[in-house]
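The structure presented is a predicted model; accordingly, all values stated were derived computationally and were not measured. Note: hydrogens, waters and symmetry copies are ignored here, and every other heavy atom, side chains too, is used. Quick note on labels: first sequence line is chain A, next is B, and so on, each numbered from 1.
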There are 2 protein chains.
Amino acid sequence: MSPRRSVADALGTRSAILGRSVAIASAEGLEGLTIGRLATELGMSKSGVLGHFGSKEALQLAVLDRAGEIFRTEVWEPVVAAAPGLVRLRALCEAWISYLERGVFPGGCFFVAAAHEFDGRPGPVRGAVEARFDTWRARLTKEAGRAVAAGDLPGSTDPDQLVFELLGLVMALNHAIQLHRDPRAATRARHAVRARLET
Amino acid sequence: MSPRRSVADALGTRSAILGRSVAIASAEGLEGLTIGRLATELGMSKSGVLGHFGSKEALQLAVLDRAGEIFRTEVWEPVVAAAPGLVRLRALCEAWISYLERGVFPGGCFFVAAAHEFDGRPGPVRGAVEARFDTWRARLTKEAGRAVAAGDLPGSTDPDQLVFELLGLVMALNHAIQLHRDPRAATRARHAVRARLET
DNA sequence: CCTACCGATCGGTAGG
DNA sequence: CCTACCGATCGGTAGG
């Protein structure tokens, strides 16, 4: 029972801070996430919270990383076993829709929300959000390209165009769930994805 | 030169406040719009600003109304002359895309941004945003239904499904412009709309 | 429309 | 990890 906290304790505290932060930021945004509120909800002092990150911006970047791990676990990992190309592209879309339908983040897609919050504010947070979208789009585009090369999608298909349209469908789904609480939206999204990806 | 401000003066001041408010809120959100900043930029006192609306929430609702007038002028009015049905639906989509391409609001679509900012915060502002989307979708759905009835779209077309997909394309465009500054996005959106609305 | 003010909260720091 | 504190800013009010 040393009065000093161990490295493991410190990592546990840091992880607990990030867990609460993701929940708060999902519902109220990365700016609505305040040090004081975090400290109160975690039973800590403000300086105790801030000491793990150094600044609010560094906390926001760490929260984006944590949210990215969750996205990877929920949407990417379940799909790596699927065959590259059209099969995997369809599986990715289904995992993506399911992630929104199940409400993995209570405020909807964490990154779509962050993109809207920060697209007009230059800085590291905006850059990190944009980089995550670039990475995600590149993964989808790669699978679309493989599907075209394999003859599973028409040879005239532009992978970038296709991914643009798929992203739109998912954004429409996110919007319908979060603003309108429309229970038919997931069915609509699946229907549209199926139509767009049929051979 | 009466020391008392006339009703016309007061309305002019109110209009000036709303003009600045729309510009600020478009870039930084309806919460980023603060009374103090507004007062500084307009060379007024905070209480002078607040006196026109009574509360920040009432100001936010008035700003949504003003933004709605701009949307109507830019997207709806240019199109009322078009023939009802498929012709008008296509014209609406083109006006909608053009509104984003021209950057009518510097922060992209005012209502998509407001939807993301308020979808997790119950209250009158959230309600006003949702009502605006309901109205806009109803207009699009009506034209889609007319197009189906006239035989200009396949009889199997579900107008609600179609409008869901069109909204997604516009949201993907908004996202590509605001986050990625992608100059090809408007072309992609037009291409997808054309493909979806061809007979 | 103004000045002057309220309590609350913000991110962050000093010092331990 | 804490207490105690900083200057700035928030929405809003009193009183004129």
Salt-bridge criterion met for B:Glu117 and B:Arg126 (N-O under 4.0 Å): no
Using a cutoff of under 3.5 Å, can you pull out all pairs of nitrogen or oxygen atoms linking the protein to nucleotides 11-15 of chain D, with atom names and distances?
{"from": "D:dG11", "atom 1": "OP1", "to": "B:Lys56", "atom 2": "NZ", "distance (Å)": "2.8"}
{"from": "D:dG11", "atom 1": "OP2", "to": "B:Ile35", "atom 2": "N", "distance (Å)": "3.1"}
{"from": "D:dG11", "atom 1": "N7", "to": "B:Lys46", "atom 2": "NZ", "distance (Å)": "3.0"}
{"from": "D:dG11", "atom 1": "O6", "to": "B:Lys46", "atom 2": "NZ", "distance (Å)": "3.1"}
{"from": "D:dG12", "atom 1": "OP2", "to": "B:Lys56", "atom 2": "N", "distance (Å)": "2.6"}
{"from": "D:dG12", "atom 1": "O6", "to": "B:Lys46", "atom 2": "NZ", "distance (Å)": "3.2"}

Plane angle bin for B:His116 and A:His116 - parallel if under 30°, tilted between 30 and 60°, otherwise perpendicular: parallel
Donor-acceptor contact present, side-chain A:Glu165 to main-chain B:Leu169, <3.5 Å: no
Dot-bracket encoding of pairs in DNA chain C, which uses [ ] for pseudoknotted crossings and | for another strand, Watson-Crick or G-U under 3.5 angstrom: ||||||||||||||||
Rounded distance (nearest 0.5 Å) linking atom CG of B:Asp158 with atom CZ of A:Arg184: 9.0 Å
Salt bridge B:Arg121-A:Glu28, side-chain N to carboxylate O under 4.0 Å: no
Donor-acceptor pair between A:Thr141 and A:Arg137 side chains, under 3.5 angstrom: no
Side-chain donor or acceptor of B:Thr135 paired with backbone N/O of B:Ala131 under 3.5 Å: yes
Separation of C:dT9 P from A:Leu38 CG (nearest whole Å): 15 Å
For residues 61-71 of chain A, dump all side-chain donor-acceptor pairs below 3.5 Å to protein atoms at least two apart in sequence or in another chain.
{"from": "A:Asp65", "atom 1": "OD1", "to": "A:Arg132", "atom 2": "NH2", "distance (Å)": "2.7"}
{"from": "A:Arg66", "atom 1": "NH2", "to": "A:Ser15", "atom 2": "OG", "distance (Å)": "2.9"}

Rounded distance in Å - CG (B:Leu59) to C1' (D:dC10): 14 Å
